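Each remark here refers to the structure printed beneath this line.
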Amino acid sequence: MAIMRVKEVADIVGISVRTLHHYDEIGLLSPAQVTDAGYRQYSDEDLAMLQQILFFRELGFPLKKIKDIIHSPTFDQTEALELHRSMLQEKRRRLDVMLETLDKTILHRKGEIQMTNKEKFQGFDFSHNPYEQEARKRWGDKAVDASNAKVGNMTKEEQTSMGEKMNAIYFHLAELRGTAPESEEAQAGIKQWYDFLNTMGNYSPEAFKGLGEMYVDDARFTKNIDKFGEGLAVFMRDAMAVFADRINE
């Protein structure tokens, strides 16, 4: 097992020694060992976990949430890497569209091409929901329109933050999917999802339970949700049903 001092790690990774010290102080990433002289020494496994942390940071996760995820006893590094790849590919796709818009805008400013107003904002739609039509069929136009109105009134930064919060909740629930849906921990996690959804719309317990059923009944939902962990859609459906039933008791 290779052992590296904190300065060596900082130089390889491109972050500061102070950042590594901070990660240790908050319990996010502690070195494999500390010498009698107080020098931090990092193992290959520590560096693998540091890579995970930096992927999460690139995707906008706060340090506290990263700590909760990577220190969960069910955390799977390979599974997380596969999800990082999927999310970064989607981020790259959005950036490619925005870069194309930027290049066209430069040519437009130089008078070499003409752009419509719509073309000037290609790539800025962070609120796109591929399941909106299905949601309308299930819950009605009023609920969906109310949700869209809330999202539409947000700034682009707020919409991005909302997406990051949603992904963080999915990650957390994925770590809980090995527990019983009715357990206290699972119910606390699913309450976060219920509260999050109700910041965008107005989900009754019945609608929340029905949404959970759709996660499994509709293969599109299942495929999207299970990117965060195999079996997550089924776990969420079951936990959401328990949560809704308890509210109605």
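These numbers were taken from a predicted model, which means no experiment stands behind them.
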In terms of hydrophobic clustering (I, L, V, M, F, W, Y; side-chain heavy atoms under 4.5 Å; direct or indirect links), are Met115 and Ile106 co-clustered?
no
To check you understand the geometry: which heavy-atom pair defines the closest contact between Ala80 and Gln52, and what is its length?
CB-OE1, 3.6 Å
Under the salt bridge (Lys or Arg N to Asp or Glu O under 4.0 Å) rule, collect the residues that match up with Glu184, sequence neighbours excluded.
none
Geometric cation-pi criterion Arg237 and Tyr215, 6.0 Å radius, 45° cone:
no
To the nearest 0.5 Å, what is the distance between NZ on Lys227 and OG1 on Thr222?
12.5 Å
Going through the checks in order, is the salt bridge (Lys or Arg N to Asp or Glu O under 4.0 Å) test met by Glu213 and Lys209?
CA-CA 7 Å; Glu213 292 172 356; Lys209 184 176 182 178; 5.3 Å; no
Asp226 side-chain N/O to Ala233 backbone N/O, donor-acceptor pair under 3.5 Å:
yes
Gap separating the CE atom of Met49 from the OG atom of Ser43, nearest 0.5 angstrom:
10.0 Å
Between atom NE2 of His108 and atom OG1 of Thr116, what is the distance when rounded to the nearest 0.5 Å?
9.5 Å
Shortest non-hydrogen contact from Arg177 toward Glu230:
NE-O, 2.9 Å
Taking CZ in Arg18 as the centre, count heavy atoms belonging to other residues, nucleotides or ligands within less than 6.0 Å. Is the count above 12?
yes
State, to 0.1 Å, how close Asp46 and Ser30 come at their nearest heavy-atom pair, and which atoms those are.
OD1-O, 3.7 Å
Please work out which of the three classes, parallel, tilted or perpendicular, describes the rings of Phe243 and Tyr194, given edges at 30° and 60°.
tilted
Nearest 0.5 Å, please: how far is CZ in Arg57 from CG in Leu54?
9.0 Å
Whether His71 side chain and Gly27 backbone form a donor-acceptor pair below 3.5 Å
yes
Spell out, as yes or no, whether a donor-acceptor pair under 3.5 Å connects the side chain of Gln187 to the backbone of Pro181.
yes
Could you pull out the closest heavy-atom pair between Leu176 and Ala186, with the gap in Å?
CD1-CA, 4.3 Å
Of the non-hydrogen atoms in Arg5 and Tyr42, which two are nearest, and what is the gap between them?
C-CD1, 4.5 Å
Determine the interplanar angle of the Phe171 and Phe56 rings, folded into 0 to 90°, and report it as parallel if under 30°, tilted if 30 to 60°, perpendicular if over 60°.
perpendicular
From Met240 CE over to Leu211 CG, what is the distance, rounded to the nearest 0.5 angstrom?
4.5 Å
Rounded to the nearest 0.5 Å, what separates atom CZ in Phe208 from atom CG in Leu197?
6.0 Å
Does CZ belonging to Phe196 count more than 12 external heavy atoms closer than 6.0 Å?
yes
At their closest point, which heavy atom of Val234 faces which heavy atom of Val216, and how far apart are they?
CA-CG2, 3.8 Å
Could you walk me through whether Phe228 and Leu173 pass side chain to side chain contact (heavy atoms under 4.5 Å, CB included), step by step?
CA-CA 9 Å; Phe228 291 85; Leu173 289 172; over 6 Å; no
Any side-chain donor near an acceptor of the partner, Glu45 and Gln77, under 3.5 Å
yes
Taking Leu20 as the starting point, is it possible to reach Tyr39 by hopping between hydrophobic residues whose side chains are less than 4.5 Å apart?
no
Check for a donor-acceptor pair, side chain of Asp24 on one end and backbone N or O of His21 on the other, with a separation under 3.5 Å.
no
